[in-house]
Amino acid sequence: VQLQASGGGLVQPGGSLRLSCAASGLNLANYDIGWFRQAPGKEREGVASISSTPDSASYENSLMGRITISRDNAKNMVYLQMNKLQPEDTAIYYCAADGRPGYLSTLTVYDDINHWGKGTQVTVSS
């Protein structure tokens with residue numbers, strides 16, 4: 001089982017990025033998927049999650065309106081669209097999957113989340 005986040009990069013303030021989470025050995029349609037991030041010197045925090053059934057999403061309050069999580073079950077992918085990026089969004093972004101329905105809905109970084117992917121670096125700087 002492997003999760004891999006991609007799509008990060010260097011973007012100017014106000015710019016946008018779409019992160020992707022791909023899986024091998026795992027049918028993402030059967031899992032809640034969460035996006036988390038960790039900035040230098042800070043703890044990992046939840047950004048957004050999307051449940052397996054029903055397809056409902058949760059967002060970190062301070063990011064609502066700027067981010068959208070979505071999934072494409074046919075491609076076995078989950079995405080995080082981020083708009084109006086700010087320097088404080090600079091972090092390594094990780095996707096995670098958990099088979100317990102609703103477990104990721106609170107965006108808590110539980111120690112026992114089933115699967116974590118390798119992160120992708122997002123840097124927002126002019």
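- No donor-acceptor pair under 3.5 Å is formed between the side chain of Ser126 and the backbone N or O of Gln12.
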Derivation of the side chain to side chain donor-acceptor pair (under 3.5 Å) call for Ser20 and Ser6: CA-CA 5 Å; Ser20 300; Ser6 62; 4.5 Å; no
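- Partners of Asn83 under the side chain to side chain donor-acceptor pair (under 3.5 Å) rule, at least two apart in sequence or in another chain, are Ser16, Gln81.
- Under a 3.5 Å cut-off, the side chain of Asp32 and the backbone N or O of Gly102 do form a donor-acceptor pair.
- Side-chain contact between Val47 and Met82: absent, with no pair of heavy atoms (C-beta onward) separated by less than 4.5 Å.
- Following chains of ILVMFWY side-chain contacts shorter than 4.5 Å, one cannot reach Leu3 starting from Ile113, and the two form parts of different hydrophobic clusters.
- Atom NZ of residue Lys75 and atom CG of residue Leu28 lie 14.0 Å apart, to the nearest 0.5 angstrom.
- Take Asp112 and apply the salt bridge (Lys or Arg N to Asp or Glu O under 4.0 Å) test, not counting sequence neighbours, and it matches Arg100.
- In this structure, the side chain of Ser51 engages the main chain of Ser56 through a donor-acceptor pair within 3.5 Å.
- Hydrophobic clustering (ILVMFWY, side-chain heavy atoms < 4.5 Å, transitive): Leu26 and Leu80 are in one cluster.
- Nearest heavy-atom pair, Pro13 versus Gln86, reported as atom, atom and distance to 0.1 Å: CB-OE1, 4.5 Å.
- One hydrophobic cluster, built from ILVMFWY side chains closer than 4.5 Å, cannot hold both Ile50 and Leu104; they sit in different ones.
- For residues 56-88, no pair satisfies disulfide (SG to SG under 2.5 Å), with sequence neighbours left out.
- The cluster map of Ile, Leu, Val, Met, Phe, Trp and Tyr, joined by side-chain heavy atoms under 4.5 Å apart, puts Tyr93 and Val109 in different clusters.
- Identified under the salt bridge (charged side-chain N to carboxylate O under 4.0 Å, His left out) test for residues 83-96, with sequence neighbours left out: Arg37-Asp89, Arg66-Asp89.
- Residues passing the side chain to side chain contact (heavy atoms under 4.5 Å, CB included) test with Ile92 are Tyr94, Gln121, sequence neighbours excluded.
- Cluster partners of Tyr79, by chain and number: Met77. The rule joins Ile, Leu, Val, Met, Phe, Trp and Tyr whenever side-chain heavy atoms lie under 4.5 Å apart.
- Here the closest non-hydrogen pair linking Val124 and Thr90 is N-OG1, 2.9 Å.
- Screening residues 12-41 for disulfide (SG to SG under 2.5 Å) gives Cys21-Cys95 as the qualifying pairs, with residues at least two apart or on separate chains.
- Qualifying side chain to side chain contact (heavy atoms under 4.5 Å, CB included) partners for Ser125, counting only residues two or more places apart in sequence or in other chains: Leu10, Thr123.
- Remark: Asn61 pairs with Met64 by the side chain to side chain contact (heavy atoms under 4.5 Å, CB included) rule, at least two apart or across chains.
- Grouping the Ile, Leu, Val, Met, Phe, Trp and Tyr side chains by contacts below 4.5 angstrom, directly or via other members, places Leu63 with Leu85.
- Residue pairs meeting the disulfide (SG to SG under 2.5 Å) criterion with at least one partner in residues 45-81, sequence neighbours excluded, are absent.
- Here the closest non-hydrogen pair linking Ser52 and Ala29 is CB-O, 3.5 Å.
- What you find for Ser49 and Ser105 is that their closest heavy atoms are OG-CA, 3.5 Å.
- By the side chain to side chain contact (heavy atoms under 4.5 Å, CB included) test, Asn30 pairs with Asn27, sequence neighbours left out.
- Sorted by first and then second residue, the pairs that involve residues 35-75 and meet ring-ring contact (aromatic ring centres under 6.0 Å, His included), not counting sequence neighbours, are Phe36-Trp116.
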